[in-house]
Amino acid sequence: MKTLLSFFVLFSLIVFLLPLAALNPDKTENVEAKTADKAVSIAASQPIRQEEVLPSLSGDASQPVQDTLATLQVSQPEYFSILDRSTGQIEKVAVIDYLYGAVAAELPPGFHSEAMKAQAVASHTYALYCREHPVPELGGADFSTDPSNWEGYVTKEQMLERYPDLGETYWKKITDAVDEVASTVLVYQEEPILAAYHSMSAGATEFASNVWNGTVPYLVPVDSVGDTLADQFETSVTFSAEQIRGILTEAYPDLTLDGDTRSWFQIVSRSPSGYVLTLQAGNLQISGKDLRTLLGLRSTNFTITAQTDSFLFTTKGYGHGVGLSQYGADYMARQGSGYEEILLHYYTGAQLAKAVEE
């Protein structure tokens with residue numbers, strides 16, 4: 001149990017450094033890979049044995065919703081202290097206002113209301129988790145957002161400015177959805193979970209242990225077939241051979257990339273969900289997540305095609321692939337699933353609980 005708690009505490013540093021969602025196709029996640037890997041390596045120095053905590057790859061979206069709200073309760077404050085990364089200021093934001101702003105920032109307004117409810121519960125749970133596991137680098141804030149770049153939280157005024165004609169309609173849709181689930185959170189062993197989420201998976205979500213050097217039992221792969229139907233599920237980007245050489249040799253001074261470009265890369269291993277774990281780059285073996293960071297790829301589920309003097313990278317999905325898939329949630333909602341079923345599908349073994357004001 002102490003090992004799991006240690007992982008949770010240091011895992012929160014990763015969440016501060018690594019945005020959980022990436023909805024804008026023109027943005028990549030702001031990954032501080034070295035700092036994050038160092039933090040989780042410490043946390044996972046005595047890792048939980050995977051065979052003891054990780055279920056099989058397949059998930060069951062039809063599992064019955066557990067009626068736990070009446071029995072499981074967690075405390076919450078009147079407000080969250082949020083660090084604005086653009087201004088460096090810490091603001092106190094009422095819980096309900098944060099939830100409105102989180103859904104507005106994280107999801108397109110055209111998403112289904114049940115997907116919005118699922119996002120609200122995930123954001124609420126994430127905020128409570130962060131508050132209970134403070135990170136010194138935040139200077140007393142519970143967590144950080146960047147409203148000016150629509151990351152993590154925005155205000156109603158920003159919503160109306162972005163959508164001058166439909167802003168009020170969109171805002172009402174969001175607030176109506178959030179109001180229905182404002183007191184609902186996710187717990188594991190009666191504690192708020194680290195509710196990681198991302199834009200869209202590559203068709204199945206990913207083990208947390210393949211993204212961060214540690215593991216938790218509720219962040220494991222489940223099917224997310226709806227993602228494969230999303231716009232820009234599969235995209236491609238081209239880099240010249242010289243660009244690749246320059247970027248990689250700057251990051252790895254001992255790297256050698258010589259000869260036929262077709263021999264520069266070879267994918268060594270993928271996870272069961274299809275994400276690249278390791279690949280051979282010239283004379284070195286590197287991780288898929290490090291290459292994704294260096295090249296700004298949309299995900300680590302990629303293929304590499306060597307051309308005459310360039311490389312074509314084709315990616316599937318968007319984001320780290322762990323936890324709730326936002327596009328997957330919208331697909332499930334449109335197939336008739338309620339927010340409870342969506343959440344219990346993506347967070348394996350978690351339970352729904354009621355948040356009660358302190």
Side-chain angles (χ1 to χ4, degrees), residues 15-16 19-30 76-128 130-131 138 141-185 195 197-200 230-232 318-319 324-331 333-334 339 342-343 355 357:
V15 180
F16 160 59
L20 294 172
L23 284 172
N24 186 336
D26 296 324
K27 293 195 301 182
T28 56
E29 291 166 319
N30 180 23
Q76 73 171 17
E78 294 181 21
Y79 60 83
F80 291 120
S81 296
I82 305 176
L83 172 65
D84 186 325
R85 292 195 295 271
S86 293
T87 66
Q89 300 297 310
I90 296 177
E91 298 182 9
K92 294 181 178 180
V93 180
V95 172
I96 190 65
D97 290 333
Y98 165 68
L99 296 180
Y100 294 155
V103 174
E106 295 293 348
L107 298 184
F111 266 32
H112 195 285
S113 293
E114 293 300 311
M116 290 184 170
K117 294 175 188 177
Q119 179 64 55
V121 175
S123 294
H124 193 174
T125 306
Y126 157 71
L128 288 178
C130 290
R131 186 173 187 273
L138 293 179
D142 297 324
F143 53 92
S144 69
T145 62
D146 188 358
S148 64
N149 289 307
W150 279 69
E151 293 178 4
Y153 163 79
V154 293
T155 64
K156 179 180 180 179
E157 289 70 28
Q158 287 176 278
M159 189 75 173
L160 298 180
E161 182 179 355
R162 172 166 286 195
Y163 303 103
D165 296 327
L166 294 173
E168 288 286 358
T169 299
Y170 290 156
W171 189 257
K172 186 178 187 305
K173 178 183 177 181
I174 291 168
T175 57
D176 286 349
V178 170
D179 286 344
E180 289 192 35
V181 297
S183 63
T184 305
V185 294
Y197 53 87
H198 59 284
S199 180
M200 69 179 80
D231 289 341
Q232 300 190 54
Y318 197 0
L324 176 73
S325 164
Q326 293 166 326
Y327 276 84
D330 186 57
Y331 175 81
R334 295 179 188 282
Y339 76 93
I342 294 169
L343 291 168
E357 193 168 298

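Source: prediction; values computed, not measured.
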Report task. Show your reasoning for whether side-chain contact (heavy atoms from CB on, under 4.5 Å) applies to Glu114 and Arg334. Result -> CA-CA 9 Å; Glu114 293 300 311; Arg334 295 179 188 282; over 6 Å; no
Query - Criterion ring pair (Phe, Tyr, Trp, His ring centres under 6.0 Å) on Tyr153 and Tyr100, from CA distance to verdict - result: CA-CA 8 Å; Tyr153 163 79; Tyr100 294 155; over 10 Å; no
Query - Audit row: Ile96, Asp179, side-chain contact (heavy atoms from CB on, under 4.5 Å) steps and yes/no - result: CA-CA 8 Å; Ile96 190 65; Asp179 286 344; 3.8 Å; yes
Query raised in the report: Given the rule in the side-chain contact (heavy atoms from CB on, under 4.5 Å) test, do Val178 and His124 qualify, once you have shown the distances and angles that lead to the verdict?
Result: CA-CA 10 Å; Val178 170; His124 193 174; over 6 Å; no
Requested in this report: Verify salt bridge (charged side-chain N to carboxylate O under 4.0 Å, His left out) between Glu151 and Arg85, making sure each step is shown before the conclusion.
Outcome: CA-CA 10 Å; Glu151 293 178 4; Arg85 292 195 295 271; 2.9 Å; yes
Requested in this report: Run the numbers on Leu128 and Val185 for side-chain contact (heavy atoms from CB on, under 4.5 Å), then give the verdict.
Outcome: CA-CA 9 Å; Leu128 288 178; Val185 294; 3.7 Å; yes
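Pairing each heavy atom of Ala177 with each of Lys117, the nearest pair is O-CG, 3.5 Å. Here the closest non-hydrogen pair linking Trp171 and Gly101 is CH2-N, 4.3 Å. Between Ala195 and Ala122, the shortest heavy-atom distance links the atoms CB-O, 3.5 Å. Taking each heavy atom of Leu107 and Met116 in turn, the nearest pair found is CD1-CA, 3.7 Å. The heavy-atom pair separating Thr125 from Val121 by the smallest distance is OG1-O, 2.7 Å. Contact detail for Ile342 and Ala118: the closest heavy-atom pair is CG2-CB, 4.0 Å.
Listed for the His198 side chain is a donor-acceptor partner under 3.5 Å among the backbone atoms of Leu324. A distance-only check finds a donor-acceptor pair linking the side chain of Gln158 to the backbone of Pro147 [under 3.5 Å].
For Tyr331 and Phe111, the ring centers are positioned 6.0 Å apart or more. Here the two rings, on Tyr98 and Tyr79, have centers that are 6.0 Å apart or farther.
Contact check for Gln326 versus Met200: no side-chain heavy atoms found under the 4.5 Å cut-off. Taking 4.5 Å as the limit, some side-chain heavy atom of Phe80 sits within range of a side-chain heavy atom of Arg131. Contact check for Tyr339 versus His112: no side-chain heavy atoms found under the 4.5 Å cut-off. The side-chain heavy atoms of Glu91 and Ser81, taken from C-beta on, include no pair separated by under 4.5 Å. In this structure the side chain of Tyr170 never reaches within 4.5 angstrom of the side chain of Pro108, judged on heavy atoms.
Atom CG of Leu138 sits about 11.5 Å away from atom CD1 of Ile82, to the nearest 0.5 Å. Atom NZ of Lys173 and atom CG of Leu166 lie 11.0 Å apart (nearest 0.5 Å). A distance of 10.5 Å separates CG of Leu83 from CG of Asp142, quoted to the nearest 0.5 Å. Of the inter-residue distances, the one linking Leu99 atom CG with Ile174 atom CD1 reads 12.0 Å to the nearest 0.5 angstrom.
Ionic pairing of Glu168 and Lys156 is present here: one or more N-O contacts between side-chain nitrogen and carboxylate oxygen are shorter than 4.0 angstrom.
Asp146 and Ser144 are not linked by any side-chain donor-acceptor pair at a separation below 3.5 angstrom, with hydrogens and angles left out of the test. Side-chain N/O atoms of Glu357 and Gln76 include no donor and acceptor closer than 3.5 Å.
Among residues two or more places apart in sequence or in another chain, the salt bridge (charged side-chain N to carboxylate O under 4.0 Å, His left out) test is passed with Asp176 by Lys172. Among residues two or more places apart in sequence or in another chain, the salt bridge (charged side-chain N to carboxylate O under 4.0 Å, His left out) test is passed with Arg162 by none.
Below 30°, between 30° and 60°, or above 60°: for Phe143 and Tyr126 the angle between ring planes is between 30° and 60°, a tilted geometry.
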